[in-house]
> 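Have a look at this one.
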Amino acid sequence: MPASHSTRRGAPTRHGRTAAVSGAGLLATVLLAGTLVGCAEEGEQIPSIGYAIDNTVTTYNANTVAGAVSGARQAFARVLPGFNYTGPEGGPVADTDIGTANAVPGDALTIQYKLNPNSVYSDGVPMSCDDLVLTWAANSGRFPMFDAASTAGYTDIDRIDCQTGAKDAVVTFKAGRNVTDWKSLFGATSMMPAHVAATATGVPDIVSAVQNSDTAALTRVADFWNDGWTMTPGDLDLALFPASGPYKVESFSADEGLVLVANDRWWGNRPATSRIVVWPKSSDVSARIGDGSVEVVDVAAGSVPDLDLGGFDVTEVASRSVEQFVLSTSGLFENAAGRRAFASCLPREDLASKFGLPAEPDADGAAPAGPVDTRVTPTDSLVHQSVAGAVAGRYETADTAAATAALADTDNTTATVRIGYLGPNPRRAEIVSAVAAACAPAGITVQDAASPEFTPSMLRSGQVDVVLAGTASAPGAAGTAAATTAMYALRSGNGSNFGDYSNSRVDQIVDQLAVDDTTATQLSLSTEAENILWSDVPTVPLFDQPRTVAFASGLQAGTVNPTRSGAGWNMDRWVLRR
């Protein structure tokens with residue numbers, strides 16, 4: 001678990017989503033919420049809680065290339081739940097409100113998924129195994145027309161036995177591909193409503209289209225899956241956005257935020273608060289806090305200008321996301337020498353000391369945590385220290401001579417490097433400024449290319465040379481306890497590999513690490529991968545991204561979740577007592 005430095009008293013750290021308020025307390029909060037909603041007369045404001053995040057909300061579909069680097073996972077975890085969610089400890093936690101997933105005997109890894117018999121979308125259409133089949137098809141890699149961010153786990157599935165409209169499905173993996181992180185598949189925000197895609201595209205049976213590899217039909221489905229769930233403030237056709245969770249989308253506008261309200265077709269415990277307003281990064285979080293519109297804040301430390309959290313219980317925690325530079329593999333950086341030139345002038349140790357959180361407190365206070373030296377091993381894994389020890393010391397301090405020599409290998413004596421990130425972000429602006437100062441003596445001019453419209457895809461289009469972001473180039477909350485997302489962001493052809501890095505041996509290692517969790521294999525292959533990656537330098541890890549999570553005084557059941565789920569992982573349990 002990442003190190004935490006908290007001023008929040010009594011915040012629970014280990015429990016499932018529904019355990020945040022339990023027993024009589026849960027019943028009381030549900031009854032209270034129902035009473036408040038029931039007593040609201042026409043024109044009276046319904047009690048709500050504002051939730052501010054440090055990312056954009058541009059789509060309902062968190063699984064596309066654009067969606068995976070948006071705030072969709074933070075906004076819709078309780079709108080589009082799945083068979084699991086990412087809990088505060090970083091691992092998958094079963095969500096039995098949606099259904100069950102159990103391994104069954106077989107020569108290959110085989111999982112039986114059973115949707116809750118009562119599961120139904122907010123538009124009245126039952127959930128079915130069609131939703132699983134669409135998720136698999138879109139993320140499997142076998143149908144390249146889908147613009148999926150990652151094929152991790154899904155590409156290892158051989159088939160899904162599903163009868164159109166049924167509640168059960170049997171998922172069989174390929175021989176020898178016993179994916180260790182299979183419990184994270186078909187999780188929160190991963191299953192999109194297949195019936196909406198079917199209606200919008202005129203493909204009445206998506207299951208049959210997938211089973212028959214009907215390219216024409218699947219191309220239409222993919223076109224919708226890629227772009228049909230785009231969310232433009234002030235312009236939503238709500239029929240396209242049915243919910244399968246305790247909340248559903250009511251509206252989305254620049255002035256009023258993304259409004260989620262209780263889903264009256266939800267079969268589980270009713271939300272304790274009937275209305276949540278999500279405020280994306282573009283909504284001026286500081287101003288919203290100032291006018292009383294926000295009660296929950298979950299942002300990267302130092303990322304919001306003029307942030308005043310007086311009256312909030314504040315936690316600063318090292319997240320599961322690694323702050324890093326993601327480098328292009330074209331232009332100056334087409335050759336590894338160019339990437340090494342940039343890496344050589346980076347003051348990684350100083351950046352970690354200044355912008356990362358301290359390590360666990362010692363007798364004298366707290367020592368700097370130091371830079372992160374690995375990309376494919378989580379910091380709390382059994383092999384992390386050994387792998388880091390084998391590859392540590394690379395590019396820790398600015399080395400002007402090494403940077404100049406590497407730049408000369410590209411037949412250049414000077415170069416300009418544009419670093420892009422989602423702005424405004426004072427902390428990342430300071431990082432870029434520090435790098436600019438360190439790289440200038442080597443003839444490398446660093447330009448700050450931040451903008452409110454920035455997306456990591458600008459790296460592919462050549463608009464920037466480097467992305468400054470978290471794990472898999474996510475601008476906001478990211479990461480899990482497993483290295484799955486981080487590894488696949490380095491695999492050839494993966495959507496989240498924004499630098500288009502390709503190394504066949506790294507691909508082989510990623511594929512093997514995904515199915516073999518023995519300590520010996522993890523140690524050997526992770527060390528080999530890091531030695532390759534520190535030579536090729538497709539990315540430069542910096543430090544575990546610090547997060548600032550704040551709950552207004554009086555808010556109950558708010559729990560820090562320093563992963564891709566963010567604080568909104570259990571928003572249906574939030575209650576504000578003023």
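Atoms considered below: every heavy atom in the structure, side chains included; atoms not considered: hydrogens, waters and symmetry mates.
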> Identify whether the distance between the nearest side-chain nitrogen and carboxylate oxygen of Asp95 and Arg78 falls below 4.0 Å.
yes
> I'd like to know if Arg547 and Glu316 make a salt bridge, using a cut-off of under 4.0 Å between side-chain N and carboxylate O.
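Salt bridge: no.
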> Does this structure show an ion pair linking Asp448 with Arg418, if we count only N-O contacts that are shorter than 4.0 Å?
no
> Might you point out which heavy atoms bring Gly476 and Asn55 nearest each other, and give the distance in Å?
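Smallest interatomic distance, heavy atoms only, reads N-ND2, 3.5 Å.
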> Are side-chain heavy atoms of Ile419 and Asp465 found at a separation under 4.5 Å?
no
> Tyr51 and ring-ring contact (aromatic ring centres under 6.0 Å, His included): which partner among Phe76, Trp279, Trp574?
Trp574
> Could you go through the side-chain contact (heavy atoms from CB on, under 4.5 Å) check for Ser190 and Tyr154 one step at a time?
CA-CA 11 Å; Ser190 69; Tyr154 295 104; 4.0 Å; yes
> With rounding to the nearest 0.5 angstrom, report the CD1 to CZ distance, Ile49 to Phe551.
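Going from CD1 on Ile49 over to CZ on Phe551, the span is 10.5 Å.
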> With the side chain counted from C-beta on, respond yes when Gln324 and Thr471 share a heavy-atom pair under 4.5 Å apart, and no when they do not.
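The answer is yes, as the side chains (C-beta and beyond) meet within the 4.5 Å cut-off.
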> Looking only at heavy atoms, what is the nearest atom pair of Ala489 and Asn494, with distance?
N-ND2, 4.3 Å
> Output the distance between atom CZ (Phe454) and atom OG1 (Thr56), rounded to the nearest 0.5 Å.
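Phe454 CZ to Thr56 OG1: 11.5 Å, rounded to 0.5 Å.
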> Are any non-hydrogen side-chain atoms of Val435 and Phe325 less than 4.5 angstrom apart?
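Val435 vs Phe325: side chains touch.
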> Determine, for Arg394 against Asp373, whether the closest basic-nitrogen to carboxylate-oxygen distance falls under 4.0 angstrom.
no
> Does any part of the side chain of Thr480, heavy atoms only, come nearer than 4.5 Å to the side chain of Arg564, both counted from C-beta?
yes
> Could you tell me the separation between the CD atom of Gln512 and the CE atom of Met487, rounded to the nearest 0.5 Å?
10.5 Å
> Considering only heavy atoms from C-beta outward, does the side chain of Val277 approach that of Leu260 to under 4.5 Å?
no
> Ring-plane angle category for Phe342 and Phe333, please: parallel below 30°, perpendicular beyond 60°, tilted otherwise.
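Correct class here is tilted.
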> Evaluate the side-chain hydrogen bond (donor to acceptor under 3.5 Å, both in side chains) criterion for residues Thr563 and Asn561: first the C-alpha distance (whole Å), next the side-chain angles of each, then the deciding distance (0.1 Å), finally the verdict.
CA-CA 6 Å; Thr563 74; Asn561 189 331; 2.7 Å; yes
> Check for me whether Arg340 meets the cation-pi criterion with Trp534, that is, NZ or CZ under 6.0 Å from the six-membered ring centre and within 45 degrees of the ring axis.
no
> Run the salt-bridge test on Glu334 and Arg339 with the 4.0 Å N-O cut-off and return the result as yes or no.
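Salt bridge between Glu334 and Arg339, a charged N being under 4.0 Å from a carboxylate O: no.
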> Step by step, would you call Trp136 with Phe186 a ring-ring contact (aromatic ring centres under 6.0 Å, His included)?
CA-CA 9 Å; Trp136 169 51; Phe186 304 105; 9.0 Å; no
> Are any non-hydrogen side-chain atoms of Glu323 and Arg427 less than 4.5 angstrom apart?
yes
> Counting only heavy atoms not in Gln385, do more than 12 fall under 6.0 Å of its CD?
no
> Just to verify, which of Val322, Val466, Val467, Leu490 counts as forming a side-chain contact (heavy atoms from CB on, under 4.5 Å) with Thr539?
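Of the listed options, the one satisfying the test is Leu490.
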> For residues Asp298 and Asp54, determine if any side-chain heavy atom of one lies less than 4.5 Å from a side-chain heavy atom of the other.
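Sidechains of Asp54 and Asp298: no contact.
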> Under the 3.5 angstrom rule, does the side chain of Ser140 hit a backbone N or O of Thr155 as a donor-acceptor pair?
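Absent.
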> Are any non-hydrogen side-chain atoms of Thr379 and His384 less than 4.5 angstrom apart?
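In contact.
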> Run through Glu530, Arg375, Glu528 and flag the one making a side-chain contact (heavy atoms from CB on, under 4.5 Å) with Val391.
Glu530
